[in-house]
Amino acid sequence: MKKGKNVDVLTLVILILVCSVFGGIAAVAADEKVVKFAGDLPGGDWGYPSPFGFYPRGPGYIRMSFGFDTLTWKDQNGTVIPWLADSWEMSDDGKTWTFHLHEGVKWHDGEPFTAKDVQFTFDYIKKHKTSFKWFQTLGYIDHVDIVDDHTVVIHLTEPFAPFLVDIAGNVPIIPEHIWKDVSDPVKFVGDKAVIGTGPFKLLKYNKEQGYYEWEANEEYFKGKPLVDKLISLSVNDPALALTTGDIDETSFWGRRAKAVSAFENKSGFGTRWGPSYWVLKVIFNCERYPTNLTAFRKAIAYGINRTELVELVVHGYGIPANTGLIHPDVTEWYNPDLPDYEHNVTKAIEILNALNFTDTDGDGIMEYPEGGDLEFNLITLDKFSREAELIKSQLAAVGIKINVKVMDMSTVDGILKEGNFFMVISGHGGIANPNILEKPDWPGGTCKNETYTALFKEQRETMDYKARKELVFKLQESIAENLPVYTLYHPKMCCVYRPEKLDTWFFTKGGVGIGIPIEMNKLVFIGEEEVRPAPSLAPAASASPGTTSAPTPIPTPTPEPEQPGFDVIFAITGLLAVAYLVLRRKNR
C-alpha cells in the first residue's frame, strides 16, 4: 500500500473515532433530563427564592426549599424524617432539643456545613425579624448552643408542641460565611443569596416572566436529584401547554379541575388527586362598622349559599368548608361539630332587622339605622370574581348592595394588612396545621381577641396530644361562632404529568412544611432514599399525630450508565489528533 493511501485510511479511521466521540456528546445533551412545570399564577412570579426574598405564600416557600434545607422534613405520609439532622432528643420538660447533624454536607459553593451555621441561622433570623409567618415561631427559641461541629442544642423559652414541624422542619438553614455581613436580608438578592445545601442550584430567575430555572446539585447529600434541570414558567393555558409539551406537569384545582378529565386514561399522561389543604373565605373587617358586629357577620353568612357556590362556580370540584378552617381530612385536628350557617334568607333578614337595618323606601336595599343604603365594596382577585359576583347576587336577596372590586394579589394583601376594607374574598393553604389558627383572618389583622390569643398559646405549649386537641377544637369553635371569617369551600386538587419525564409526583399528607398543599415536596425530585428513623419521643409524637408511621416508598428510576464527561472526550480527541500528526510525518 502506498504512503498516500496509508494516510487516507488513517484519516478515515480518525474521523470515524471523532464522530463517535462527538456522537457521545450529542447523547449527553439528549439525555439531559429537564422537567418543566407551570408557575401556579398568571405571571408565575413568587419572589426571589432566597430565605428572605420569596413571596410569603406557599408557592414562594416551595421554590425557596429547592435550594435550602431544614433540620427535619416530611415524607409523603406526613411523617417527620431526618434531614440535615440525622437524629434528635428532647428533654423531659420539652424545652431542650439536641440535634445530631449529618456529616459531609456541603454548601453549593463547596464550603462545609457545620453546627455553627445552625446556630447562626436562628440567631440571625431572630435579629432580623421579618413579616413572614413561617418564621414568627422563632420567638420560642431562647438560644442555641454548639456541642461540636455536628451537634447543636436548641433551648426554648417554653415547650412548643409542633417544634419538629413548625421550626425544625420549616426554618431554612443559611450559611454563616455568606450572611454574616448582610445587614438587610430582604434586599440581599444576588447569586450568593441562593447558596444553600438543597438539591438544586438556581441558574436563572426572571421576575417579569415568572421564570425560574434550577440545575441539579450533583453532590447533594441525599443523592443526585432525578432530574438535571427543573424549570418553573408562566403559561396562559396549562391544559394546552401540557398537550403541546411546553410543560411536563401542572396542577388543577377548584373549577379548573374540569380540565383533568381530558387527560385521565389518555396515553402519555398520569393524574394524581390529592387533598386540598386550602380554603377560600370571606374576610371581615372586625374593626369597621358594620362588619365589626358579630351578628351582622352571621347575617351575611346566612345570606351566602355555599352549596350553590360549589355547584355553579366550582362545578362540584370542591366541598363547603369547615367554618373552623381546619380541613375535614385532617381527622386528628378537625372539629366536626361546628355551625355551618345553612343558607337562610329569612333568618339573615331577621338578624339585620334586629340590628335596626330596614328597607324603609321599599327599593330592596336595607338602610343603615342613621340613614343611607347598606352598601359597600367586596374586594377580591380576578380568579375569584365569579364567586364574588354570585355572592353579590345572593346578598342582594337579603337587602345588602355589594360592589365587586377586582385587584391583584399583592394589592389585596396590602389592603388586608392596612385594614382598609369591609369584606375581602381570598384564600390560602396550611389548613392542616393548627398553626394557621393563630390569625384566622390572615393575611388580614383586624381580628383581635385576648381570650382567643391566650387559648392559641396554650395549645402550642401543651405537649399531651389529647389535651392539645381539645384546645384546638375550642379555637375552631371560637372562629365558627364569632366569624372573623366565613369559609366558603375547600377545592379538590389534581396534578397532571408526563410519566416519561417524571413519575414520582405526590401530595404530602398534612401539606409540605407547615401545611403547603402543593405536589412539590422536594422528595418528588430525589426519589426513594434510606432514612434512619427518628428516635421515639412519646411527648413529641403525641403532640404531632402521624409523625411516626413508616414512609411510603417513592419509586426510583433505574439508574442509567453515565456518559463520558467532556474532559474525557476532549482528552481522547487530543490524543487522536497527536497520533494522526505523528503517523502522517512518518509516512512522508
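Annotation for D413 and P443: closest pair OD1-CG, 3.4 Å, computed over non-hydrogen atoms. Between P290 and F357, the shortest heavy-atom distance links the atoms CB-CZ, 3.8 Å. Heavy-atom minimum distance, L488 versus I391: CD1-CD1, 4.0 Å. Taking all atoms of both residues into account, the shortest heavy-atom contact from D408 to S410 is OD1-OG, 2.6 Å. Annotation for P49 and L202: closest pair CG-CD2, 3.8 Å, computed over non-hydrogen atoms. Summarising the geometry of P517 relative to M493, their closest heavy-atom pair is O-SD, 3.2 Å, with the distance given to 0.1 Å.
No option in N170, D123, T121, I125 other than I125 meets the side-chain contact (heavy atoms from CB on, under 4.5 Å) test with L138. Under the ring-ring contact (aromatic ring centres under 6.0 Å, His included) test applied with Y205, the options W214, F54, Y48 reduce to a single match, Y48. Considering V412, L280, I425 in turn, I425 is the only one that fulfils the side-chain contact (heavy atoms from CB on, under 4.5 Å) rule with T380.
Using cut-offs of 30° and 60° on the angle between ring planes, the pair Y55 and W46 is tilted. Using bins of under 30°, 30° to 60° and over 60° for the plane-to-plane angle, the ring pair Y341/Y302 lands in the perpendicular bin.
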For this session: Begin with the C-alpha distance, continue with both residues' side-chain angles, and end with the deciding distance and a verdict on side-chain contact (heavy atoms from CB on, under 4.5 Å) for K509 and Y277.
Result: CA-CA 9 Å; K509 182 181 179 182; Y277 304 118; 4.1 Å; yes
For this session: Just do the side-chain contact (heavy atoms from CB on, under 4.5 Å) check on L395 and I304 with the steps written out, would you?
Result: CA-CA 7 Å; L395 293 182; I304 294 175; 4.2 Å; yes
Problem set entry | Step-by-step side-chain contact (heavy atoms from CB on, under 4.5 Å) determination, E213 to I231 | CA-CA 4 Å; E213 182 177 333; I231 295 174; 3.8 Å; yes
Problem set entry | T358 and N353: CA distance, side-chain angles, deciding distance, side-chain contact (heavy atoms from CB on, under 4.5 Å) verdict | CA-CA 6 Å; T358 55; N353 289 161; 4.0 Å; yes
Exercise. Run the ring pair (Phe, Tyr, Trp, His ring centres under 6.0 Å) check on W333 and Y465 step by step: do they pass?
Worked result: CA-CA 10 Å; W333 300 121; Y465 166 60; 5.4 Å; yes
For this session: Report the C-alpha distance between F188 and F52 in whole Å, list the side-chain angles of each, state the deciding distance to 0.1 Å, and finish with yes or no for ring pair (Phe, Tyr, Trp, His ring centres under 6.0 Å).
Result: CA-CA 8 Å; F188 183 49; F52 302 94; 9.3 Å; no
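Between C286 and R297, some side-chain heavy-atom pair lies under the 4.5 Å cut-off. Contact check for H428 versus V279: side-chain heavy atoms found under the 4.5 Å cut-off. Counting only heavy atoms from C-beta outward, the side chains of E308 and H343 never approach each other to under 4.5 Å. Within the 4.5 Å cutoff, side-chain heavy atoms of D359 are placed close to those of E367. With contacts defined as side-chain heavy-atom distances shorter than 4.5 Å, the pair F37/S232 qualifies. Inter-residue side-chain proximity for I300 and Y486 is flagged as unmet; no heavy-atom pair is nearer than 4.5 Å. Between K74 and W83, the closest side-chain pair of non-hydrogen atoms is not below 4.5 Å. The shortest distance between side-chain heavy atoms of H128 and V182 does not fall below 4.5 Å.
The stretch residues 309-330 participates, sequence neighbours left out, in these side-chain hydrogen bond (donor to acceptor under 3.5 Å, both in side chains) pairs: N322-Q476. Applying the ring pair (Phe, Tyr, Trp, His ring centres under 6.0 Å) rule to pairs touching residues 404-424 yields F376-F422, sequence neighbours excluded.
A search for side-chain contact (heavy atoms from CB on, under 4.5 Å) contacts involving E470 returns nothing, not counting sequence neighbours. Listed by chain and number, the residues in a side-chain contact (heavy atoms from CB on, under 4.5 Å) with E461 are Y140, E158, K457 (sequence neighbours excluded). Listed by chain and residue number, Y289, Y368 satisfy the side-chain contact (heavy atoms from CB on, under 4.5 Å) test with E370 (two or more places apart in sequence, or in another chain). For F456, there are no ring-ring contact (aromatic ring centres under 6.0 Å, His included) partners, not counting sequence neighbours.
With hydrogens and angles ignored, the 3.5 Å screen pairs a side-chain donor or acceptor of T72 with a backbone N or O of G169. Under the 3.5 Å distance criterion, the side-chain polar atoms of R306 are left unmatched by any main-chain donor or acceptor of P320. Checked by atom type and distance alone, the side chain of D363 pairs as donor or acceptor with a backbone atom of I365 at under 3.5 Å. Of the possible polar contacts, one joining the S276 side chain to the P491 backbone as a donor-acceptor pair under 3.5 Å is found. K392 contributes no side-chain N or O that, together with a main-chain N or O of V404, makes up a donor-acceptor pair within less than 3.5 Å. Of the possible polar contacts, none joining the K204 side chain to the Y211 backbone as a donor-acceptor pair under 3.5 Å is found. Looking at T291, its side chain never comes within 3.5 Å of a backbone N or O of F284 through a donor-acceptor pair. In this structure, the side chain of D69 does not engage the main chain of I173 through any donor-acceptor pair within 3.5 Å. No donor-acceptor pair under 3.5 Å is formed between the side chain of E458 and the backbone N or O of L471. In this structure, the side chain of K281 engages the main chain of P440 through a donor-acceptor pair within 3.5 Å.
For the residue pair R272/Y497, the side-chain donor-acceptor check at 3.5 Å is satisfied. A donor atom on one side chain and an acceptor atom on the other are not found under 3.5 Å apart for T79 and N77.
D441 CG to K448 NZ: the interatomic distance, rounded to the nearest 0.5 Å, is 9.5 Å. The OG atom of S251 sits 7.0 Å away from the CE atom of M520 when rounded to the nearest 0.5 Å. To the nearest 0.5 Å, atoms CD1 (I326) and OG1 (T331) are separated by 11.5 Å. To the nearest 0.5 angstrom, L164 atom CG is 14.0 Å from W73 atom CH2. Distance check, rounded to the nearest 0.5 Å: NE2 of H490 to CH2 of W278 gives 10.5 Å. Atom CG of residue L523 and atom OG1 of residue T508 lie 7.5 Å apart, to the nearest 0.5 angstrom.
Within 6.0 Å of CZ in R288 there are more than 12 heavy atoms belonging to other residues, nucleotides or ligands. Counting heavy atoms of neighbouring residues, nucleotides and ligands inside a 6.0 Å radius, atom CD of E375 exceeds 12 of them. The number of heavy-atom neighbours closer than 6.0 Å to NZ of K126, taken from other residues, nucleotides and ligands shown, is above 12.
Between F66 and Y212, the ring center distance fails the sub-6.0 Å criterion.
Taking the charged nitrogens against the carboxylate oxygens, R255 and E387 do have a contact shorter than 4.0 Å, which makes a salt bridge. By the 4.0 Å N-to-carboxylate-O rule, D166 lies too far from R460 to be salt-bridged with it.
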